[in-house]
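Notes follow the structure.
Below, each value reflects all heavy atoms present in this structure, side chains not excepted, and no hydrogens, waters or symmetry copies. Note that the coordinates shown come from a computational prediction; the quantities given were computed from them, not determined experimentally.
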Amino acid sequence: MWGESMKAAILQMEGTNCEEETYIALMESGFTPEYVHLNNLRKGKAKLDDYELIFIPGGFSAGDYVRAGAIFAARLKATVWKDLVKFVEEGKFIIGVCNGFQVLIELGLLPATDGISEAPEAALMPNDSGHFECRWVYLKSQSSKIFTDVPEMITLPVAHAEGKFYASESVIEKIEAQKQVIFRYTSPYGSTEYPWNPNGSVNDIAAIMNPYGNVIGMMPHPERAYFPYQHPDWTRNKRDTGDGYYIFRALAEALR
Amino acid sequence: MKVTKIVEGVYRIHILNATDDELMEINEKMGLALSLDEMKKLRDFFASLGRDPTDIEIHAIAQGWSEHCSYKSSKPILRKYIFGIESPHTIVVMQDDAGVVEFDEDHAYVFKIESHNHPSAVEPYGGAATGVGGIIRDVLNMGAKPIALVDPLFFAPPDYPYEKLNPGIKHPRYLLNGVVAGIRDYGNRVGIPTVAGMTYFHEGFVNNILVNAGCIGIVRKDKIVRSRVDKPGVLLVMLGGRTGRDGIHGVNFASKILSEKSEEEKQAVQLGNPILKEPLIHAVLEANDEGIIYGMKDLGGGGLSSVIGEMCHAGGVGAEIHLDKVPLKEEGMAPWEIWVSESQERMLLAIEEKHLDILHEIAGKWDLEMSVIGKTTEGSVLKIFWYGEKILELPLDFMTAGVEYNRPYKIKKVKQMQEIPVEENYRNILLKLLSSVNIGSKEYIVRQYDHEVQGRTVIKPLQGEIGFETHGDAAIIKPLKDSWKGLAVTVAANPQIGEIDPYWGAVYTVDEAVRNLVAVGAKPHSFSDCLNFGNPEREEIMGEFVESCRGLGDAARYIHIPFVSGNVSFYNEAFNRNIPPTPVLMAVGIIEDIRKAVTADFKSAGNYIYIVGDTREEMGGSEYYRLMGYKSTTVPKVRFEDMKNRTEELLKAMGEGIVESCHDISHGGMAVAIAEMCMGGKIGAEIDLAKMEFMRADFKLFSESPTRWICEVKPENAERFEELVKARRIGQVSGETFRVRDGRRWLFNVHLNILRNAWSSALRDYVG
């Protein structure tokens with residue numbers, strides 16, 4: 001419905017592992033997704049320029065044995081950094097989910113409060129619980145320019161060991177002032193204590209974008225909640241679509 | 001031990017004139033774990049050839065003859081009871097590394113469960129991680145995409161006193177946390193969801209923990225790859241990890257009892273690398289999509305020795321191998337070490353020469369090493385070369401056929417008795433049960449595993465209102481994007497009943513697997529069995545094995561569910577203590593439309609609560625009796641006909657969409673099942689025990705009689721439900737408490753928050 005031109009690159013390296021569900025969600029929402037392995041970018045067999053959207057999926061790139069996302073980011077910087085910057089500057093969209101969010105922070109593409117930063121301005125630290133956790137969270141949608149049609153409260157799964165959003169007070173202030181927060185952890189019971197805020201993120205931040213709104217990072221996984229029956233409570237609460245659908249639809253509409 | 005050097009790293013071992021003592025010295029020094037009779041058989045064979053063997057020849061034979069590879073103690077019993085249950089859906093049964101069963105017209109599912117007990121007892125983190133890695137390869141090598149993992153675990157109670165531990169034995173809390181972390185760090189990294197499992201505590205596992213791991217995958221029928229090569233001239237290619245000294249003699253290690261010296265055998269534990277496995281999975285599946293894989297087998301127990309031996313033997317060809325072509329992790333490895341190394345993340349692919357370039361291209365994209373190490377040949381002889389020098393020449397049937405034993409066994413007589421407890425405060429008993437380690441919440445473990453990756457998990461391991469979930473009975477995976485058909489996956493085991501009566505313990509395990517699948521609306525379809533036992537050289541242990549297999553076979557045969565794959569783990573003995581007999585089942589069910597799946601959480605106030613199946617005064621092996629310290633050998637007995645009928649009735653009702661929630665009754669009985677349904681639904685229930693059979697209230701509440709479920713039905717569907725299912729209406733969903741009366745006598749009334757608090761506290765202090 002949006003034409004063939006909306007090509008989306010799903011970046012891969014060893015250890016990325018949410019690519020299949022990402023592929024399906026992108027395809028269902030009108031993109032033409034392709035898997036793009038970093039080795040093929042490096043060898044010139046694929047070019048970022050050919051795509052409208054870059055999706056950096058979740059997983060454990062290179063094992064995440066050092067800081068999560070650090071090696072993925074370092075390899076991107078070493079191979080296609082100029083192309084990536086050009087991509088952002090042209091106003092095309094990059095979204096990183098989970099490990100992908102960690103990569104975007106490492107690259108300085110997020111939060112990028114004053115434009116792309118040399119060194120990371122923020123961090124996704126180890127969860128307060130000290131270990132990996134897989135659970136569903138409630139998210140409160142902040143009014144942001146892209147995600148205007150997302151319902152006020154949605155649920156998505158998180159699955160990570162390092163997802164506590166953290167930055168200096170001044171950076172947090174700037175992020176808030178520039179309305180860069182897209183989603184915050186919440187709950188229908190008023191509380192945002194653990195486990196509702198699953199990792200201890202500052203200001204319950206679950207997802208942010210850059211000031212221009214074309215680089216997006218989020219810890220929860222929209223691609224795992226595209227269809228209603230992927231939700232954990234579908235036998236209790238009826239839905240027409242999964243809550244992740246709204247995120248992909250918003251991306252598609254932003255690129256129309 | 002007399003030896004002569006042939007070339008660097010290869011020795012001729014002089015056994016032709018060896019005495020019995022000398023044979024056993026060779027056995028000990030080379031770490032073969034063979035018996036004297038087997039050593040003699042080896043000597044006689046080489047005597048018939050008129051020459052002494054090389055070291056690599058002896059090692060190759062010892063691998064093939066190990067209990068782990070040859071099933072020498074178990075095979076006659078397995079043939080009698082477990083094999084051969086007819087089913088129209090099976091495609092590959094008990095032949096290759098995993099069973100293959102029809103899913104739909106075009107697809108098959110592939111699965112297996114396997115033990116990784118010995119390594120995990122010595123090195124819990126690495127042992128458990130490689131257990132997961134190994135089982136993934138078993139599914140992958142059939143050409144299938146792995147889509148879910150399960151992991152039943154067995155430990156001593158986490159509060160076991162330190163001072164009671166034997167020397168060299170690690171504390172259950174250390175082992176539990178190490179194993180969970182190992183599964184977490186491997187399974188999550190490799191991107192396969194862990195969707196089911198169990199964590200069970202029993203003193204009998206203090207010296208020998210059990211770590212079983214299962215994997216299921218999906219494959220297009222025309223892409224199934226077999227673990228055999230039936231044509232000479234096909235290239236044998238190693239793909240993936242390098243070969244090192246880790247995991248040498250793993251199979252021999254697994255065929256011995258553990259002792260305080262086991263720590264020194266850490267080199268028998270392999271090291272896993274999920275970030276090598278993840279691209280390996282991609283590469284293998286891509287190569288399979290290209291249709292270039294002629295045969296494939298993963299390198300697991302026994303290393304190259306087992307894989308090449310079994311692959312060629314199964315296809316009726318010989319092979320010529322050049323061991324110097326194997327990429328190594330470290331220099332200076334002797335050829336025999338390369339031949340038996342169990343280093344992880346390696347696959348052996350049989351590829352025709354014309355397809356080699358395509359494989360090169362794929363391996364390059366994923367940064368994987370590959371090496372052609374030999375090819376298949378006419379005949380049935382294996383030849384190994386080391387820099388041009390022939391160092392092994394053996395007929396494959398001698399090397400792989402192994403031996404078989406009809407081990408003597410003794411079946412113990414169970415004398416029926418049952419103590420009758422003094423009636424206690426039911427509320428306290430319920431809360432104690434909920435906060436006990438076998439019944440209490442496993443959320444702390446389950447949530448450390450990613451059960452959502454791949455986006456296929458449509459019924460989760462934890463079910464109910466977000467933030468208040470309860471234990472589900474089975475998970476459901478939706479393997480194909482364009483089909484509503486689903487695969488339900490669960491595991492079952494009950495060592496507590498098996499310990500009293502191995503036959504009924506095994507039957508109960510089948511019943512529980514069936515109950516779990518039916519509870520989510522799936523029709524039981526096939527089983528994989530992981531049989532964990534003590535030392536088979538002891539007659540009473542062999543007796544437990546025979547009785548367990550008979551029980552599994554009787555129950556499964558009655559309902560026509562085949563065992564399609566499995567593994568036997570013997571020698572779970574240390575310090576003269578054997579584990580309780582623990583046959584574990586991984587069970588798979590089919591649900592035609594996942595939109596009809598049912599979960600365990602109560603849905604809404606006003607709905608009726610039914611109990612399906614009959615309750616009996618059979619308290620042997622129950623959590624209630626264990627908790628209270630009462631004795632009973634009267635274990636729950638399954639009525640096969642009831643199991644079959646109730647299953648069919650309930651599935652029919654679920655198919656009509658009139659069951660709102662369903663939970664099987666197992667550990668802790670009906671009271672625990674209903675409490676869990678309340679917690680998951682964040683809603684209470686009122687129950688009247690007078691609607692059940694006539695017996696003591698505590699028996700009704702806590703009996704673990706088999707073939708029973710609790711169902712929630714809307715009042716408007718009650719008539720239809722009662723028409724279809726033999727069930728008793730015992731109450732209603734309502735309020736914020738769980739209230740139970742027996743006629744006019746109120747037994748207890750507990751608020752949901754109190755139930756949840758007790759249930760959540762069970763493992764809170766032990767895991768994390």
Fill in: Portion of B:D367 that has a non-hydrogen atom of chain A nearer than 4.5 angstrom
both

Item to complete: Examine whether an atom of A:E133 lies under 4.5 Å from a heavy atom of chain B, and if so say whether it belongs to the side chain, the backbone or both; otherwise answer neither.
Response: both

Worksheet entry | Between B:S661, B:G681, B:G364, the one whose heavy-atom pairs under 4.5 Å with chain A are most numerous | B:G681

Response to the item:
So, the part of B:E660 with a heavy atom under 4.5 Å from chain A: the answer is neither

Worksheet item: Do any of residues 33-42 of chain A have a heavy atom less than 4.5 Å from a heavy atom of chain B, and if so, which, in residue order?
Response: A:H37, A:N39, A:N40

Worksheet, complete the sentence: Ordered numerically, the heavy-atom neighbours of chain A under 4.5 Å found in residues 469-483 of chain B are B:K478, B:K481

Discussion item. Strictly below 4.0 Å, N to O, side chains only: are B:E592 and B:K485 in salt-bridge contact?
Written reply: yes

Worksheet item: Does the pair A:K45/B:E361 count as a salt bridge with the N-to-O cut at 4.0 Å?
Response: yes

Worksheet entry | chain B contacts, top residue of A:C18, A:P232, A:P228, A:A25 (heavy-atom pairs, under 4.5 Å) | A:P232

Fill in: Region of B:Y186 in contact with chain A, defined by heavy-atom distances below 4.5 Å
neither

Worksheet item: Do the charged groups of A:K164 and A:D128 touch, with an N to O distance under 4.0 Å?
Response: yes

Response to the item:
The interface call for B:R184 against chain A, heavy-atom contacts under 4.5 Å, is side chain

Fill in: Pairing residues for B:L752 by the side chain to side chain contact (heavy atoms under 4.5 Å, CB included) criterion, not counting sequence neighbours
B:C678, B:L755

Item to complete: Please state whether the side chain, the backbone, both or neither of B:Q463 comes within less than 4.5 Å of a heavy atom of chain A.
Response: neither

Worksheet item: So what's closer than 4.5 Å to chain A heavy atoms on B:A181: side chain, backbone, both or neither?
Response: neither

Discussion item. Non-hydrogen contacts under 4.5 angstrom with chain B: give the residues of residues 184-206 of chain A involved, or none if there are none.
Written reply: A:Y189, A:W196

Worksheet item: Where on B:K603 is there a heavy atom nearer than 4.5 Å to chain A: the side chain, the backbone, both, or neither?
Response: both

Item to complete: Against chain B, label A:T22 side chain, backbone, both or neither, depending on which of its atoms sit under 4.5 Å from a heavy atom there.
Response: neither

Worksheet item: Is NZ or CZ of A:R239 both nearer than 6.0 Å to the six-membered ring centre of A:W234 and within 45° of the ring axis?
Response: no

